Student: 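Quick one: the structure is below, and I'll ask about it shortly.
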Amino acid sequence: MQILTKDASITLYSAYFNEAYHSINDGALQETLHKHILPAVALKLDSKKLESKMLNVLDICFGLGFNTLSLYSVLKKRGFNGVVCVDSPELELLENLKEHPYPKELASAKEVLCALEKKRAFKKGNFSIKLHLGDAREILKGFLAEIQKSSKEKFNVVFQDPFSPLKNHYLWTYEYFKMLYALSSDDVVVTTYSCNSCMLYSAFLAGFYAFKVVQKNVRDSVVLTKTKDTPRLDLEFVEKVVKIDIEHKIRVNSKLKGLYD
């Protein structure tokens, strides 16, 4: 079922998870750009050295492809000449996705989706995408085995964007975040829309530090890193970035529990 969101972009509703793929109130495209793409790009890319950068991106999960397609669009417009490798797990590719009414900002959607539908891969210049169909946790285990064999680079950007902790518990647990921690580089930037305290507790126990991104145009989002330093986001729509003191939350709320398998 198609749903018109606040910014006039169209998302879909998942009957399986009983949840929309994007925030209807924030807007599908605006949520994607403001909570994932633009913060990650701002934190990872020094505009003076764009040509020397390499982004190894983990997009959890592919869904309608807004994250990966938007990343491709934004980097292309900015003249990024570095290497971008995107790996995206997805339970199954939605039927006729290439016919979805994507916003004009994602003009390359059909070209990319046709390739993913046929070959589960897309490559143009230094930008490549690999779609991995199946159970995301099992796919991540495979990535970890490759990293341990030194046949795969660790991820330095993660779009943590599955259905919500209430609907897709399996991709927000302590055990999941421990795996994500092992899969990611020391300077990783993990972006997510969820501010769920139980999820943040699980991520903290796995080794991540959480920071709330207070925004003008959409609801707050979260950035996870492996360092205690508060990320600096010089973006016009970001009002402030605040460290989330999980240890304090734990002390004052004895009922706060993490999420576990």
Side-chain angles (χ1 to χ4, degrees), residues 11-12 14 17 21-23 28-29 31-45 53-76 80 82-94 97-98 100 102 105-106 108-109 111-113 115-117 119-124 126-144 146-147 152-164 168 170-172 176-177 179-181 183-185 188-194 203 221-224:
T11 191
L12 297 178
S14 170
F17 287 103
Y21 280 84
H22 300 92
S23 167
L29 182 61
E31 179 179 49
T32 298
L33 291 173
H34 289 195
K35 297 184 182 182
H36 295 286
I37 309 307
L38 296 178
V41 168
L43 290 172
K44 293 304 298 179
L45 299 182
K53 291 288 186 177
M54 180 170 184
L55 296 182
N56 288 310
V57 182
L58 178 60
D59 183 8
I60 305 278
C61 297
F62 188 78
L64 276 71
F66 268 68
N67 289 336
T68 294
L69 294 169
S70 294
L71 180 66
Y72 182 51
S73 175
V74 166
L75 293 180
K76 188 176 180 181
F80 177 68
V83 177
V84 184
C85 300
V86 180
D87 285 286
S88 186
E90 180 55 63
L91 196 58
E92 59 181 0
L93 188 63
L94 294 172
L97 196 54
K98 61 182 180 292
H100 183 79
Y102 288 95
E105 289 85 351
L106 305 183
S108 301
E111 176 189 10
V112 174
L113 293 167
L116 294 179
E117 188 178 83
K119 301 181 292 185
R120 303 292 183 260
F122 169 82
K123 181 172 175 58
K124 193 165 188 178
N126 290 332
F127 195 104
S128 63
I129 307 167
K130 290 184 180 178
L131 181 64
H132 307 266
L133 300 184
D135 183 295
R137 288 278 289 265
E138 293 303 314
I139 292 166
L140 295 190
K141 287 179 184 177
F143 291 162
L144 187 56
E146 292 180 46
I147 287 171
K152 188 176 184 64
E153 294 289 330
K154 288 188 174 184
F155 298 102
N156 55 16
V157 174
V158 179
F159 300 138
Q160 173 61 14
D161 198 21
F163 288 100
S164 69
N168 194 7
Y170 193 51
L171 294 182
W172 300 94
Y176 166 79
F177 279 113
M179 190 184 305
L180 203 62
Y181 194 93
L183 286 166
S184 57
S185 63
V188 68
V189 171
V190 182
T191 60
T192 185
Y193 65 89
S194 179
S221 62
V222 166
V223 168
L224 302 173

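It should be emphasised that the depicted structure is a prediction, and the values quoted were computed from it without experimental measurement.
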Student: List the residues meeting ring-ring contact (aromatic ring centres under 6.0 Å, His included) with Y102, not counting sequence neighbours, and say none if there are none.
Tutor: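 In terms of ring-ring contact (aromatic ring centres under 6.0 Å, His included), with neighbours along the sequence ignored, Y102 is linked to F66, H100.
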
Student: Quick one: list whatever passes salt bridge (charged side-chain N to carboxylate O under 4.0 Å, His left out) with E117, sequence neighbours left out.
Tutor: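 Salt bridge (charged side-chain N to carboxylate O under 4.0 Å, His left out) check on E117 returns K98.
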
Student: Of all heavy-atom pairs between V188 and V157, which one has the smallest distance, and what is that distance?
Tutor: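 Scanning both residues completely, I find the closest heavy atoms to be CG2-N, 4.1 Å.
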
Student: Could you work out, with salt bridge (charged side-chain N to carboxylate O under 4.0 Å, His left out) as the rule, every residue matching E138, not counting sequence neighbours?
Tutor: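 In terms of salt bridge (charged side-chain N to carboxylate O under 4.0 Å, His left out), with neighbours along the sequence ignored, E138 is linked to K141.
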
Student: May I ask you to decide if L69's main-chain N or O and S73's side chain share a donor-acceptor pair within less than 3.5 Å?
Tutor: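 Looks like no, no N/O pair under 3.5 Å.
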
Student: Who are the salt bridge (charged side-chain N to carboxylate O under 4.0 Å, His left out) partners of E111, not counting sequence neighbours?
Tutor: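 Salt bridge (charged side-chain N to carboxylate O under 4.0 Å, His left out) check on E111 returns K124.
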
Student: Excluding sequence neighbours, so at least two apart, what forms side chain to side chain contact (heavy atoms under 4.5 Å, CB included) with S70?
Tutor: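 For S70 the side chain to side chain contact (heavy atoms under 4.5 Å, CB included) partners, ignoring immediate neighbours, are L29, T32, L33, I37, L106.
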
Student: I'd like to know if the side chain of E90 and the backbone of L133 have a donor-acceptor N/O pair within less than 3.5 Å.
Tutor: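 Checking the backbone N and O of L133 against the side chain of E90, no donor-acceptor pair under 3.5 Å is found.
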
Student: Treating R120 as the side-chain partner and K130 as the backbone partner, does any N or O pair qualify as donor plus acceptor under 3.5 Å?
Tutor: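 Side chain of R120 to backbone of K130, a donor-acceptor pair under 3.5 Å: no, none is there.
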
Student: Once ring-ring contact (aromatic ring centres under 6.0 Å, His included) is applied, do any residues pair with Y193, and if so which ones, sequence neighbours excluded?
Tutor: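 ring-ring contact (aromatic ring centres under 6.0 Å, His included) check on Y193 returns W172.
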
Student: In chain order, what residues pass the side chain to side chain contact (heavy atoms under 4.5 Å, CB included) check against S23, with sequence neighbours excluded?
Tutor: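 Scan of S23 (side chain to side chain contact (heavy atoms under 4.5 Å, CB included), adjacent residues dropped) gives N25, D26, E31, R219.
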
Student: Quick one: list whatever passes side chain to side chain donor-acceptor pair (under 3.5 Å) with Q160, sequence neighbours left out.
Tutor: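 If we apply the side chain to side chain donor-acceptor pair (under 3.5 Å) test to Q160, skipping adjacent residues, the hits are Y176.
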
Student: What residues form a side chain to side chain contact (heavy atoms under 4.5 Å, CB included) with E153, not counting sequence neighbours?
Tutor: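 E153 satisfies side chain to side chain contact (heavy atoms under 4.5 Å, CB included) with N56 once adjacent residues are dropped.
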
Student: Can you sort out the partners of L75 under side chain to side chain contact (heavy atoms under 4.5 Å, CB included), two or more places apart, ordered by chain and number?
Tutor: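 Only V41, L45, L55, L71, F80, V84, F127 meet the side chain to side chain contact (heavy atoms under 4.5 Å, CB included) criterion with L75.
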
Student: D87 and K152: salt bridge (Lys or Arg N to Asp or Glu O under 4.0 Å), yes or no, with the steps?
Tutor: CA-CA 11 Å; D87 285 286; K152 188 176 184 64; 2.9 Å; yes

Student: For the backbone of M54 and the side chain of N156, can you confirm whether one donor and one acceptor N or O come within less than 3.5 Å of each other?
Tutor: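 At least one qualifying donor-acceptor pair exists.
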
Student: Tell me if a side-chain donor or acceptor on S185 pairs with a main-chain N or O of K154 at a distance below 3.5 Å.
Tutor: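 Looks like no, no N/O pair under 3.5 Å.
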
Student: I'd like to check the ring-ring contact (aromatic ring centres under 6.0 Å, His included) partners of F17; sequence neighbours left out, ordered by chain and number.
Tutor: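 ring-ring contact (aromatic ring centres under 6.0 Å, His included) list for F17, sorted by chain: F163.
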
Student: Going by ring-ring contact (aromatic ring centres under 6.0 Å, His included), name the residues that satisfy it together with F177, two or more places apart in sequence or in a different chain.
Tutor: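 Checked F177 against ring-ring contact (aromatic ring centres under 6.0 Å, His included); zero matches.
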
